[in-house]
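In what follows, a single structure is set out as structure tokens and then discussed.
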Amino acid sequence: MTTQELIDLLGLKALSTFEHREVNGVFLSDMLSDVMAGAKSGNIWITVQTHKNIVPAANLVDVSAIIITNGKNVPAETIELASKHDIAILWTESQTFDLVGRLYSLGLATK
Amino acid sequence: MAECVHEWKMTNRQFGFVVYERCSCCQVVRAYYSPQDTWDDYMEEGHHWSIVENAQTFRFDLECVECGVYVDLSDLLGLMYCTSCMEDCEVEIQRKKYEAERTFVLVGFGYLPESMSKPISEGKLQILSEYFNQRRDTSRSRIKIIPNSLIPAISRCRGEFIHDVGMLSLEPPGERKPLF
């Protein structure tokens, strides 16, 4: 599955500009240290954190996209930094639990 | 015997806190890892330390899964990304150079203030870069970790550490103040 397919299937909104890529699993955490320790290359990272520090953390471990849930407002500086580093920031009004359920039903899980 | 092409794994992970303190007399900043969240002011050897910021973080070591060689990273405070605050800073110069090659530059900090004169060794930072590159699709981009001693004036640095700030607070996080 690709980030483009994920956007189409889940009705996600792309906030940053990026190249689409393969998605191979899901990592769920609101802590940057968790992501740095455990997320794998190609995972999508689901969080409610919107501070610009999520971008270098995502970049460090090469996640395929960050999905911001619960309709959280994402600052312009976060989107700008993500676009600069080719990091996908996707956005949804869905609650994290609901989104995770839909991802699971699509066959994506922790990798 | 052929030399091992190391394949690194993260080991000995310990979750804790990075504590940033400033001396109210001489204004020097120090930062270190602590397993506990610390907020008390205290006196020590002529300094009066007050907390500037605490952040949740973790520390770890690296071990080669092939040959077992072990790299102690207990002196690593954290990774900072450059915000281009000083045009003449060597970190900014290196950032521009490497980003043109699709390489993302981070600054590997040791404890402060000691690491400004005695930074984490180039060898350790090279291994740390290797570890994060082994975790990623390097056909897309790479990671390069450089020493904090390349920053000429830490007091003017506005780089940001990749740490979890304000995670234990019941208040929404505000704008992060400069540390230095």
Side-chain angles (χ1 to χ4, degrees), chain A residues 2-3 16 18-25 27-45 47-66 68 70-78 80-88 111, chain B residues 9-18 33 55-62 76 78-84 95-96 98-99 102-108 128-129 131-145 159-168 172-176:
Chain A
T2 66
T3 45
S16 59
F18 57 91
E19 275 179 43
H20 290 286
R21 58 182 290 192
E22 283 292 319
V23 172
N24 60 9
F27 192 85
L28 173 60
S29 179
D30 292 324
M31 292 191 67
L32 307 182
S33 41
D34 271 351
V35 172
M36 289 164 72
K40 296 193 170 63
S41 175
N43 283 179
I44 49 170
W45 170 23
T47 182
V48 294
Q49 291 285 342
T50 61
H51 188 273
K52 66 182 176 184
N53 277 1
I54 61 174
V55 176
N59 203 2
L60 180 66
V61 293
D62 196 31
V63 298
S64 56
I66 305 168
I68 308 292
N70 297 19
K72 290 273 181 182
N73 186 39
V74 183
E77 61 177 4
T78 303
E80 192 183 321
L81 190 62
S83 298
K84 186 179 162 195
H85 291 290
D86 191 28
I87 300 288
K111 180 208 160 194
Chain B
K9 73 165 183 185
M10 195 179 270
T11 188
N12 191 28
R13 274 190 299 202
Q14 299 167 54
F15 286 85
F17 299 84
V18 171
Y33 173 89
Q56 281 177 277
T57 188
F58 72 115
R59 66 177 179 181
F60 58 92
D61 298 324
L62 293 174
L76 178 68
L79 299 175
M80 192 189 82
Y81 70 95
C82 174
T83 55
S84 306
R95 185 193 67 77
K96 280 183 181 161
Y98 281 107
E99 277 187 9
R102 295 181 70 87
T103 296
F104 180 50
V105 168
L106 289 165
V107 182
L128 196 56
S129 300
Y131 166 71
F132 281 111
N133 282 320
Q134 286 172 359
R135 275 178 64 177
R136 69 193 292 113
D137 173 5
T138 50
S139 67
R140 292 174 52 85
S141 58
R142 297 184 66 84
I143 295 292
K144 172 79 177 170
I145 300 172
E160 294 217 25
F161 282 95
I162 313 176
H163 287 150
D164 290 298
V165 180
M167 295 294 286
L168 299 181
E175 187 61 29
R176 199 175 180 188

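Convention: sequence-line order gives letters A, B, ...; per-chain numbering from 1.
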Looking at A:Arg21 and A:Asp86, does any basic side-chain N land under 4.0 Å from a carboxylate oxygen?
->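 Between A:Asp86 and A:Arg21 there is no salt bridge, as every charged N stays at least 4.0 Å from the carboxylate O atoms.
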So which heavy atom on A:Val55 is nearest to which on A:Thr78, and how close?
->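 Smallest heavy-atom distance, with atoms named: CG2-O, 3.7 Å.
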Side chain, backbone, both or neither: which part of B:Phe15 has a heavy atom under 4.5 Å from chain A?
->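 The answer is the side chain of B:Phe15.
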What part of B:Arg135 is in contact with chain A, defined as an atom under 4.5 angstrom from a non-hydrogen atom: side chain, backbone, both or neither?
-> both
With A:Leu28, which residues qualify under side chain to side chain contact (heavy atoms under 4.5 Å, CB included), at least two apart?
->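 Result, side chain to side chain contact (heavy atoms under 4.5 Å, CB included) vs A:Leu28: A:Ile46, A:Thr96, A:Val100.
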Sort out for me which of A:Ala37, A:Ala57, A:Ser41, A:Gly42 touches chain B most, counting heavy-atom pairs under 4.5 Å.
-> A:Ala37
Scored by heavy-atom pairs under 4.5 Å with chain A, the best of B:Asp137, B:Asn133, B:Leu106 is B:Asp137
If the plane angle is over 60° it's perpendicular, under 30° parallel, otherwise tilted; pick one for B:His163 and B:Phe161.
-> parallel
Hey, does B:Thr57 have a side-chain heavy atom less than 4.5 Å from the side chain of B:Asp164?
-> no
Where on A:Leu81 is there a heavy atom nearer than 4.5 Å to chain B: the side chain, the backbone, both, or neither?
->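 Answer is side chain: those atoms of A:Leu81 sit under 4.5 Å from chain B.
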